[in-house]
Protein chains: 2
Amino acid sequence: MTRKKVTSLDVARMAGVSQSAVSRVFTEGASVSGEMDRRVRAAAEELGYRPNALARGLITGRTRIIGLVVAYLDNPFYPDAIEKLSHALQEKGYHLLIFTTGKHGIDTERVISDLLDYQVDGIVTASIDLSNELTRQCARAGIPVVLFNRGIPGSGLAAVTSDNLAGGRKAAEFLLAGGHARIAHIAGFDGAQTSRDRLSGFRTALESAGQGLHALADGRYDREAAAQAARDMMDRADPPDAIFVSNDHMALAVMDVLRFDLGLCVPEDVSIVGYDDVPMAAWPAYDLTTVRQPTRRMVDATVTELMTLLDRPNRAARVIQIDGPLVVRGSARIPEGYET
Amino acid sequence: MTRKKVTSLDVARMAGVSQSAVSRVFTEGASVSGEMDRRVRAAAEELGYRPNALARGLITGRTRIIGLVVAYLDNPFYPDAIEKLSHALQEKGYHLLIFTTGKHGIDTERVISDLLDYQVDGIVTASIDLSNELTRQCARAGIPVVLFNRGIPGSGLAAVTSDNLAGGRKAAEFLLAGGHARIAHIAGFDGAQTSRDRLSGFRTALESAGQGLHALADGRYDREAAAQAARDMMDRADPPDAIFVSNDHMALAVMDVLRFDLGLCVPEDVSIVGYDDVPMAAWPAYDLTTVRQPTRRMVDATVTELMTLLDRPNRAARVIQIDGPLVVRGSARIPEGYET
DNA sequence: GGGGTGTCTGCATACCTATGCAACTGCTCG
DNA sequence: CGAGCAGTTGCATAGGTATGCAGACACCCC
């Protein structure tokens with residue numbers, strides 16, 4: 001019923017040449033005559049032959065597989081990025097092998113083992129914070145790692161993020177220009193450098209304007225936690241008149257709480273600024289002012305860095321920060337002079 | 001700097017046993033004495049040995065890799081499903097290798113070739129309609145295929161969907177019970193069986209109530225197309241008073257158009273019913289009445305079917321339909337006697 | 001004590017391809 | 001005309017593991 005697997009040897013026999021010849025025809029940069037090329041390809045076509053990527057990987061030591069380690073996909077920023085990343089890698093003949101960790105990275109250990117078992121050429125992580133243990137293991141195996149949308153300062157690992165410090169600053173300047181007096185922040189997860197940087201840039205800008213951070217809470221990159229944080233903040237004696245939320249995913253939850261739980265108006269009662277510019281931020285139901293993370297450029301940088309490290313494993317890993325604009329919409333009071 | 005790769009032979013030498021012994025220790029179901037097991041594992045631990053999945057796959061013919069073919073991830077139903085699918089497969093020692101096709105499946109051919117090159121054990125497709133060509137190639141290679149959230153009748157391929165006919169019917173009955181007189185539908189993509197079934201169940205139910213479909217448009221599973229379709233419908237002399245939209249992703253776009261473009265109220269002016277019950281459907285800004293697709297159960301069924309086909313490739317593929325409830329929220333007029 | 005049974009182990013080989021090396025061809029150039 | 005060279009090709013081997021086969025061993029029971 002189902003045909004036997006067809007190998008390069010089968011093709012060689014049919015074409016009356018050696019197995020090496022077949023291999024060379026399908027190997028880029030090998031020396032093959034036009035005649036040979038024609039005969040082998042004809043035979044291959046007829047038999048339906050395609051080189052076995054595994055056997056190839058076994059011998060070349062390069063599998064053209066990139067491991068993608070990801071904790072969750074409910075923040076729409078990630079599916080979008082992953083789709084683009086997969087496309088970009090596919091262009092270059094690479095593919096993504098997915099490894100999901102628990103939301104709190106419990107089983108990271110096992111995931112890493114699996115990862116190494118598959119002899120992946122490189123690793124991209126997203127929506128996850130890895131332990132030093134992992135770092136060490138991958139370095140030891142000589143596998144390049146690129147952190148996407150996260151960074152671990154001092155780890156020596158390559159990382160691609162937006163310019164989170166600048167982004168936080170832009171949010172602060174915008175809210176200050178809007179004349180807000182009680183400006184709060186709901187952070188992502190205080191173990192994540194990305195979140196810390198956004199906070200740091202935000203706070204610094206507030207302080208240099210002579211204003212302090214009015215309130216601070218941890219939303220743990222989770223809708224429910226962010227919603228609760230917002231409720232708590234608004235429940236205080238002097239609630240904030242503006243909240244910068246560390247990503248859009250949480251910001252939308254905060255807007256829902258303000259409007260539907262507390263009956264407040266955005267931006268009249270409270271201004272909201274998010275981070276990411278996910279597609280939903282542009283939807284009229286939210287119309288969220290937010291700092292854009294240039295997904296495309298971040299993905300391109302990730303791919304470029306990865307390819308570079310594949311070529312030269314010993315080159316120092318780079319930490320790349322890509323600047324993104326503040327996208328002004330309707331969820332925060334618009335100061336004089338700002339274009340929407 | 002970076003250590004050499006450590007192989008089973010290295011472990012064997014250190015433990016003073018044969019390479020086969022090492023292999024057996026790491027092979028489930030092989031016969032090994034307790035003493036041997038201990039010695040080998042100790043040596044393996046010390047050297048940091050892990051079996052090479054590629055070499056293993058090459059010889060066993062099973063890679064424990066499942067190819068996932070996906071066209072787009074912007075409909076949040078898919079990221080959610082993929083995350084669950086990845087988890088479930090990981091439990092069983094399998095992993096997903098991603099292949100993205102263009103939104104309109106242009107480069108399906110190349111994708112299939114790549115897929116086969118990697119010797120995947122099985123294939124899952126999502127958000128995509130495959131050509132018969134693909135079907136044929138995979139069958140020929142003896143690789144089981146499971147279509148997720150799509151089905152191709154008569155193809156003989158395994159498929160897991162919700163009960164789309166019943167779902168369409170439920171939507172119709174709900175809208176009929178709500179007393180709507182001009183009931184329209186915005187379909188997904190008329191090449192997709194899933195969409196056709198939803199329409200068919202919907203239309204049949206309307207007709208058996210003596211009512212016809214008031215209007216019909218194709219939203220191509222795309223936000224923009226769906227929005228335009230809604231505008232066109234509402235622009236007619238006798239606009240609908242209810243619209244059943246073939247998935248939530250489009251339904252949310254339709255609600256945005258109605259409210260923000262046309263200044264209409266939902267559900268007072270127009271009732272909206274969606275399909276999927278994506279997380280956002282429950283958000284208060286939309287509060288969308290929708291037919292739930294039980295993602296967890298669909299994923300479980302997909303994994304089960306896949307595992308079964310891996311064991312017995314010749315067993316007939318099954319088409320599995322999983323029933324999901326209508327989740328009543330606030331986007332459609334609620335008839336007497338319905339619980340919210 | 002011998003034959004049967006069951007458990008472990010090692011040897012040798014197979015899986016499929018890429019590649020170093022040597023041999024061969026046809027050619028140019030001195 | 002011979003040396004040298006570039007371009008092709010085949011041979012043989014490597015890459016890391018799983019597994020059939022046969023041998024070794026222990027054990028039991030008659």
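Labels below follow one simple rule: chain letters A, B, ... track the order of the sequence lines, proteins then strands, and each chain is numbered from 1. Treat the numbers as computed from the prediction; the structure is a model and nothing was measured.
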Any donor-acceptor N or O pair under 3.5 Å, side chains B/Glu83, A/Thr100: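 No donor-acceptor contact under 3.5 Å links the two side chains.
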Return the value, rounded to whole Å, for the distance between atom [atom1] of [X] and atom [atom2] of [N].
X: B/Leu9; N: C/dG10; atom1: CG; atom2: C1'; answer: 13 Å
X: B/Asp37; N: C/dT9; atom1: CG; atom2: P; answer: 10 Å
X: A/Asn52; N: C/dA14; atom1: CG; atom2: P; answer: 18 Å
X: A/Leu47; N: C/dC16; atom1: CG; atom2: P; answer: 14 Å
X: B/Arg62; N: C/dC15; atom1: CZ; atom2: C1'; answer: 16 Å

Just the endpoints, please: which first and last nucleotides of DNA chain D, 5' to 3', lie under 4.0 Å from a heavy atom of chain A? D/dT8 to D/dG16
What is the nucleic acid contact for A/Ser31, judged by heavy atoms within less than 4.0 Å: base, sugar-phosphate only, or nothing? base
Mind checking if A/Ser23 touches a base, just sugar-phosphate, or nothing, with heavy atoms under 4.0 Å? base
Residue from B/Ile143, B/Thr302, B/Leu85, B/Leu306 passing side-chain contact (heavy atoms from CB on, under 4.5 Å) with B/Ile66: B/Leu306
Which of these, A/Val111, A/Asp114, A/Leu115, A/Ile98, sits in a side-chain contact (heavy atoms from CB on, under 4.5 Å) with B/His95?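 By the side-chain contact (heavy atoms from CB on, under 4.5 Å) criterion, B/His95 pairs with just one of A/Val111, A/Asp114, A/Leu115, A/Ile98: A/Asp114.
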It should be established whether A/Ser8 places a side-chain nitrogen or oxygen under 4.0 Å from OP1 or OP2 of nucleotide C/dT17.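 Indeed, a polar side-chain atom of A/Ser8 lies that close.
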On the 0 to 90° scale, with breaks at 30° and 60°, tag the B/Phe148-B/Tyr78 ring pair as parallel, tilted or perpendicular. perpendicular
What do the steps show when you test A/Thr63 against A/Asp121 for side chain to side chain donor-acceptor pair (under 3.5 Å), and what is the final call? CA-CA 6 Å; A/Thr63 56; A/Asp121 287 348; 3.3 Å; yes
Is the centre of the B/Phe26 ring less than 6.0 Å from the centre of the B/Tyr49 ring?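 Yes, they do, as the ring centres are separated by less than 6.0 Å.
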Euclidean distance, A/Ile65 CD1 relative to A/Gln119 CD, rounded to 0.5 Å: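 Rounded to the nearest 0.5 Å, the CD-CD1 separation comes out at 9.5 Å.
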Go through C/dG10, C/dT19, C/dT17 for me and flag the one nearest to the A/Ile59 side chain. C/dT17
Salt bridge present between B/Arg297 and B/Asp300 (N-O < 4.0 angstrom): no
Residue whose nearest DNA chain C nucleotide is more 5′ - A/Phe26 or B/Gly16: B/Gly16
Can you pull out how bent the helix from C/dG1-D/dC30 to C/dG30-D/dC1 is, comparing the axes over its first five and last five pairs, to 10°? 40°
Has the side chain of B/Ser20 got a donor or acceptor atom sitting under 3.5 Å from an opposite partner on the base of C/dC11? yes
